[in-house]
Novice: 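Please find one structure pasted underneath; my questions will follow.
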Amino acid sequence: MRHDGRVPLDRELLACPPEVVAPLLVGRRLRSTTGPAVTVVLTEVEAYGGVGADEASHAHRGRTPRNTTMFDRPGLLYVYLSHGLHWCLNVVTGVEGEASAVLLRAGRVVDGVETARDRRAAARTDRDLARGPGRLGAALGVTGALDGADLLDPAGAVRLLPAEPGRPPPLLVGPRIGISKAVDRPWRWHWSGDPSVSRQRIVKVNEAI
DNA sequence: AGGACGATTAACT
DNA sequence: GTTAATCGTCCTC
């Protein structure tokens, strides 16, 4: 499956369900200016929540202090702490009041590599800088302080930007990673063959939308 | 008030 | 492939 990364990912499009928005996010750029600028091209995402029960979603039991941002406007940044260690980033999707989001699982650093290396001292190679959701958050210098930030605000510290010109990314889809419920739902999309993807092994290629 | 667990990572065998 | 690190969140009592 392919898409045209030049289609504007505006608030209206982000109001679509997470499984619609998720594949459109692969290939787009995310730029953080929480410190020295770092820009990644998103290579791996997962959809959560939306209409109907998704038991793997943080919001499946209703609103709590942590997941409140998931119920807010599309285009906001939902940040949560994983395993007491790792800040993970999501793009809020769907209409306000219906909790859904797309987890940003990996990216390829295309600008600010030196800054990303400083923040990710454990990374052996540049390919590891933002390979995995916790690593992505670290490379971008994002913490829970940015939960609720508007990714479409031109003056914001974290911004969602269009794809670089060129060929749209070839996408593969498969089951989500690291969850124990609703494990068979094919809601993980990634850039086929990109080295920054956290896991290339695809279990079910044929369930692509 | 207590405790199990997690949309993870890094180091180690 | 296995396991420790580490703590906020949320469910249960």
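Throughout, protein chains are lettered first and strands after them, A, B, ... in sequence-line order, and every chain is numbered starting at 1.
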Novice: Identify which nucleotide among B:dT8, B:dG6, B:dA10 has an atom closest to any side-chain atom of A:R135, counting heavy atoms from C-beta outward.
Specialist: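 Taking heavy atoms from C-beta onward, the closest nucleotide is B:dA10.
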
Novice: When you measure from the side-chain N and O atoms of A:S57 to the phosphate of B:dA7, is any distance below 4.0 Å, counting only OP1 and OP2?
Specialist: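 For B:dA7, neither OP1 nor OP2 has a side-chain N or O of A:S57 closer than 4.0 Å.
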
Novice: Of the candidate nucleotides C:dA5, B:dA7, C:dC10, which contains the atom at the shortest distance from the side chain of A:Y78?
Specialist: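 Of the candidates, B:dA7 comes closest.
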
Novice: With the threshold set at 4.0 Å, does a side-chain nitrogen-carboxylate oxygen contact exist between A:K181 and A:E55?
Specialist: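 Salt bridge absent between A:K181 and A:E55.
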
Novice: Looking at A:R120 and A:D128, does any basic side-chain N land under 4.0 Å from a carboxylate oxygen?
Specialist: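 Salt bridge: no.
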
Novice: Counting side-chain heavy atoms from C-beta on, which of B:dT8, C:dG8, C:dC10 comes nearest to A:P65?
Specialist: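 From the listed options, C:dC10 comes nearest.
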
Novice: When you measure from the centre of the six-membered ring of A:Y48, is the NZ or CZ of A:R176 under 6.0 Å away and within 45° of the axis?
Specialist: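 Pair A:R176/A:Y48 counts as cation-pi.
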
Novice: Which one, B:dA10, C:dA5, B:dT9, comes nearest to the side chain of A:R120?
Specialist: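 Nearest listed nucleotide: B:dA10.
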
Novice: Is A:R188 near enough to B:dA7 that one of its side-chain N or O atoms lies under 4.0 angstrom from OP1 or OP2?
Specialist: no

Novice: Nearest whole angstrom, please: distance from the C1' of B:dG6 to the OH of A:Y80.
Specialist: 9 Å

Novice: Are the charged groups of A:R159 and A:D150 less than 4.0 angstrom apart, N to O?
Specialist: no

Novice: Check every strand shown and say whether A:L103 touches a base, only sugar-phosphate, or nothing at a heavy-atom separation below 4.0 Å.
Specialist: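 Base contact - A:L103 has a heavy atom under 4.0 Å of at least one base atom.
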
Novice: Return no unless some side-chain N or O of A:S82 is found under 4.0 Å from OP1 or OP2 of B:dA7.
Specialist: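 Result: no.
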
Novice: Taking only Watson-Crick and G-U wobble pairs with both distances under 3.5 Å, what dot-bracket line describes DNA chain C, where [ ] shows pairs that cross earlier ones and | shows pairs with another strand?
Specialist: |||||.||||||.

Novice: Quick one: is A:R105 getting a side-chain N or O under 4.0 Å of the B:dT8 phosphate, OP1 or OP2?
Specialist: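 Looking at the OP1 and OP2 atoms of B:dT8, one of them is under 4.0 Å from a side-chain N or O of A:R105.
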
Novice: Taking OP1 and OP2 of C:dT9, is either one under 4.0 Å from a side-chain nitrogen or oxygen of A:R63?
Specialist: no

Novice: Checking A:N67 side chain against A:M70 main chain: does a donor-acceptor pair fall under 3.5 Å?
Specialist: no

Novice: Taking the side chain of A:H58 as its heavy atoms from C-beta onward, which of B:dA10, C:dA5, B:dA7 lies nearest to it?
Specialist: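 Selected nucleotide (nearest to the side chain): B:dA7.
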
Novice: A:D147 has an atom CG; how far is it from atom P of C:dG8, in whole Å?
Specialist: 15 Å

Novice: For the pair A:R73 and A:E96, find out whether any cationic side-chain nitrogen is under 4.0 Å from an anionic carboxylate oxygen.
Specialist: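 Here A:R73 does not pair with A:E96 in a salt bridge, since their nearest N and O are not under 4.0 Å apart.
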
Novice: Would you say A:R66 reaches C:dG8's phosphate, i.e. side-chain N/O to OP1/OP2 under 4.0 Å?
Specialist: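 Answer no for this pair, as no side-chain N or O of A:R66 is under 4.0 Å from OP1 or OP2.
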
Novice: Measure from NE2 on A:H86 to P on C:dT9 and round the result to the nearest Å.
Specialist: 16 Å

Novice: Taking atom P of B:dT8 as reference, at what distance in whole Å does atom CG of A:D128 sit?
Specialist: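 The answer, rounded to whole Å, is 16 Å.
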
Novice: Do the non-hydrogen side-chain atoms of A:V45 and A:L103 ever get within less than 4.5 Å of each other?
Specialist: no

Novice: For B:dT8, is there a stacking contact with A:H83, counting only centres under 5.5 Å and planes under 30°?
Specialist: yes

Novice: Quickly work out the A:M70 CE to C:dT9 P distance and round it to whole Å.
Specialist: 15 Å

